[in-house]
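Quantities reported herein were computed from a predicted structural model and do not represent experimental measurements. Letters go in sequence order (proteins before strands), and every chain restarts at 1.
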Amino acid sequence: MVVTRIAPSPTGDPHVGTAYQALFNYVFAKQNGGKFIVRIEDTDRTRYNPTSERRILEMLEWIGLSPDESPVKGGPNAPYVQSQRLSIYQEHALRLLESGAAYRAFDTPEELAAAREEARKAGLQQQGYNRRYRDYPREEAERRAAAGEPHVIRLKVPLEGKTVVHDLLRGPVEFDNAQLDDKVLLKADGYPTYHLAAMVDDHLMGVTHVIRAEEWLTSTPFHVLLIRAFGWEEPVWCHTPLLRNPDKSKLSKRKMDTSVDSYRAQGILPEALLNYLGTMAWSMPDGREIFTVADMIEHFDLRRISLGGPVFDLAKLKWMNGKYIREVLSLGELVARLEPFLEAAGYAHPSRAYLEQVVEAMRARFETLGEFVEKAVYFFREDYPVQEKAKAKLEEGRPFLPELRDLLASLPDFLPETTEPALKGFAEAKGLKAAAVMQPLRAALTGSLETPGMFDLLMILGKDRVLERLGKALG
RNA sequence: GGCCCCAUCGACUAGCGGUUAGGUCACCGCCCUUUCAAGGCGGCGGCAGGGGUUCGAAUCCCCUUGGGGUCACCA
């Protein structure tokens with residue numbers, strides 16, 4: 001059975017890169033009737049963020065990539081949090097120690113830093129650990145360890161030869177073992193490094209396909225060596241391109257908004273975000289750009305992932321979100337998505353029917369749910385802001401607006417069939433262009449010059465409010 | 001800098017030896033129009049460069065250039 005996983009580190013906000021990786025891993029697993037696991041890699045206590053794990057897990061539920069096994073869901077491979085699996089890694093490290101594939105190293109962090117600095121000054125091409133303890137007497141090492149001396153356990157990487165990583169997308173990638181160094185497997189605090197923990201867990205959890213970001217490619221030979229040291233079978237390696245900032249560097253929160261929570265707060269729809277991520281380095285075989293995760297599962301092909309690093313383009317994300325708002329979601333669904341935003345903004349509405357009318361009228365005019373809140377204030381409050389340009393327009397209308405108000409007051413109803421001929425007739429009678437009448441009226445009624453069509457506006461606002469607002473504006 | 005990966009319009013991509021190099025976003029113009037959008041139509045714009053291979057290269061190979069990643073007791 002196909003088993004995939006993502007292994008996020010709980011160090012901060014749920015990252016779009018995590019969502020991106022989750023998407024490919026999820027889709028590939030589902031396509032093959034396999035399972036998708038989420039494992040929390042919290043082995044770095046210095047970067048640990050206590051709310052991060054919960055938020056990452058919630059983020060996955062929000063975008064609809066629900067894992068088959070996870071810390072909250074549990075599963076046959078529990079626990080799914082690495083800090084709760086420490087003894088497992090320690091046992092495995094010991095095993096490697098016994099077989100001679102690893103060794104204890106007693107360098108202090110200061111010594112390592114000094115050695116690195118020295119190597120840098122000497123202009124050495126070769127970087128990495130100097131292997132000071134690689135051939136240290138075994139008995140001596142054990143004695144010092146038994147005495148409680150702090151130390152790490154490192155993998156004994158072959159000094160010669162090549163290690164080939166067979167990447168699904170790239171084919172064989174060769175690394176000279178001489179270029180590798182003896183990476184730390186178990187830190188002095190007893191926690192494993194990513195290298196040990198990830199490979200042990202992937203093996204124990206039956207992960208068959210490691211689909212992860214390209215930044216891992218250069219440490220894969222090390223993983224291959226580690227797996228061989230244990231005598232296990234390698235998974236299929238598939239390194240996907242990194243999402244990029246507009247300047248092409250690796251997507252980072254310094255240069256871009258990388259927080260899924262932030263996009264959610266702005267009113268980006270989960271299905272739009274997922275759809276957009278699905279177009280990053282991948283495309284539907286038929287070229288369609290709007291598709292669901294289900295569509296993706298049906299047509300996905302890991303081998304069709306392209307290797308150029310895609311720039312995460314907010315403009316296109318927003319366009320796609322707008323596409324979902326105006327064409328994909330049903331009106332009812334859209335209204336439901338909008339409700340939490342309205343509540344947060346303190347917007348009241350008399351009825352569901354009213355809300356639906358407003359949303360329908362506004363639909364083509366906002367691309368995020370947050371934008372709706374900004375652009376539709378005047379449908380929900382009487383203290384809506386009045387823009388400067390609107391004020392000017394209002395002045396232009398002052399000569400005829402009182403008369404127009406009387407005309408509107410005399411109408412039997414505010415249906416478009418009634419208001420349209422009335423307003424157009426009014427303009428004509430005054431020898432004015434329709435716009436010359438509509439714009440000042442629009443300004444008076446909404447404080448804005450950018451609104452839905454006048455006749456929809458009049459109908460939705462209703463006679464009472466229209467007359468009231470007009471009176472107030474002319475006041 | 002060493003090592004590794006990558007390279008089609010500004011951005012996302014289709015292309016997998018023979019295409020007028022297609023689509024989407026953005027941008028520009030026109031249409032629609034009471035404003036702003038949306039929508040429709042049209043336009044601008046690309047195979048990084050140089051060598052090969054081949055009857056024929058965006059497609060295959062090499063070099064150069066460019067971009068990215070990685071070189072932690074972080075993941």
Side-chain angles (χ1 to χ4, degrees), chain A residues 7-11 41-44 46-47 105 107-109 112-113 116 120 123-129 150-154 165 167 169-170 173-176 178-181 183-189 191-195 197-198 213-221 239 241-242 244 246-250 276 279-290 306-320 322-323 326-327 362-367 375 390 393 420 423-424 427 433-439 441-443 446 448-455 457:
Chain A
S9 198
T11 56
E41 312 234 330
D42 59 344
T43 56
D44 183 350
T46 62
R47 293 205 305 158
D107 314 80
T108 64
L112 290 176
R116 249 196 303 277
R120 194 189 61 76
L124 238 58
Q125 304 279 263
Q126 186 70 27
Q127 285 179 44
Y129 181 51
H151 66 284
V152 302
I153 294 178
R154 288 179 181 270
V165 172
D167 184 87
L169 299 173
R170 284 161 262 259
V173 181
E174 282 191 3
F175 295 87
D176 261 317
Q179 297 285 341
L180 275 26
D181 73 343
K183 289 260 184 292
V184 172
L185 298 178
L186 201 67
K187 304 184 237 181
D189 63 3
Y191 279 67
T193 58
Y194 171 87
H195 308 298
E214 187 179 5
E215 56 186 328
W216 291 108
L217 185 57
T218 50
S219 49
T220 308
H239 293 92
L242 254 5
R244 308 289 184 88
D247 69 1
K248 297 279 191 180
S249 58
K250 172 166 90 169
Y276 180 65
T279 66
M280 300 275 86
W282 193 75
S283 60
M284 270 301 199
D286 65 3
R288 133 180 75 127
E289 290 211 295
I290 301 301
S306 61
L307 294 174
V311 171
F312 191 81
D313 180 13
L314 265 133
K316 191 157 182 179
L317 204 214
K318 282 193 178 177
W319 165 79
M320 194 170 274
K323 197 82 176 163
R326 73 186 91 93
E327 291 177 22
M362 286 297 293
R363 211 169 188 180
R365 297 175 168 81
F366 64 99
E367 289 189 316
K375 296 183 174 177
K393 267 293 170 206
E420 180 163 0
L423 277 180
K424 288 188 171 165
K433 280 187 179 176
V437 173
M438 306 279 193
Q439 285 298 72
L441 178 57
R442 191 184 313 277
T446 67
S448 168
L449 258 21
E450 301 165 10
T451 81
M454 180 54 69
F455 313 117
L457 204 54

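At a threshold of 4.5 Å between non-hydrogen side-chain atoms, the residues A:Arg170 and A:Leu217 count as touching. With contacts defined as side-chain heavy-atom distances shorter than 4.5 Å, the pair A:Arg442/A:Ser448 does not qualify. Residues A:Tyr129 and A:Leu112 are in side-chain contact: their nearest non-hydrogen atoms beyond the backbone lie under 4.5 Å apart.
When rounded to the nearest whole Å, the span between CD of A:Glu215 and C1' of B:C3 equals 17 Å. Atom pair A:Asp247:CG and B:G10:P shows a separation of 17 Å (rounding to whole Å applied). Here B:A75 presents its C1' atom at 15 Å from OH of A:Tyr191, a figure rounded to the nearest Å. As a whole-Å value, the separation of A:Tyr276 OH from B:A26 P is 12 Å. One atom, CH2 of A:Trp282, and another, P of B:C12, lie 18 Å apart when rounded to the nearest Å. Per the geometry, CZ belonging to A:Arg244 stands 4 Å off C1' belonging to B:G68, to the nearest Å.
Within the structure, every side-chain polar atom (N or O) of A:Ser283 is placed at least 4.0 Å from both OP1 and OP2 of B:G23. Residue A:Lys250 places no side-chain N or O under 4.0 Å from the OP1 or OP2 atom of B:C5.
Of the candidate nucleotides B:A75, B:A11, B:C73, B:A11 has the atom nearest to the side chain of A:Val311. For A:Lys248, whose side chain is taken as the heavy atoms from C-beta onward, the closest listed nucleotide among B:C74, B:C4, B:G67 is B:G67. Taking every side-chain heavy atom of A:Leu307 into account, B:C6 is the closest of B:C3, B:C73, B:C6.
Salt-bridge check for A:Asp189 with A:Lys187: failed, with every basic side-chain N at 4.0 Å or more from each acidic carboxylate O.
Applying the 3.5 Å distance criterion, the base of B:C5 shares no donor-acceptor pair with the side chain of A:Arg170.
Within 4.0 Å of A:Leu112, counting heavy atoms only, lies at least one base atom of the nucleic acid. Among the heavy atoms of the strands lying under 4.0 Å from A:Ala281 are primed sugar atoms or P, OP1, OP2 only; no base atom is included. Among the heavy atoms of the strands lying under 4.0 Å from A:Thr108 is at least one base atom, whether or not backbone atoms are also near. Note on A:Thr218: a base of the nucleic acid sits closer than 4.0 angstrom, heavy atoms only. Among the heavy atoms of the strands, none lies under 4.0 Å from A:Pro10.
Here the side chain of A:Asp247 pairs a donor or acceptor atom with the backbone of A:Ser249 at under 3.5 angstrom.
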Base versus backbone protein contacts along nucleotides 34-46 of chain B [heavy-atom cut-off under 4.0 Å; B, S, -]: BBBBSS-------
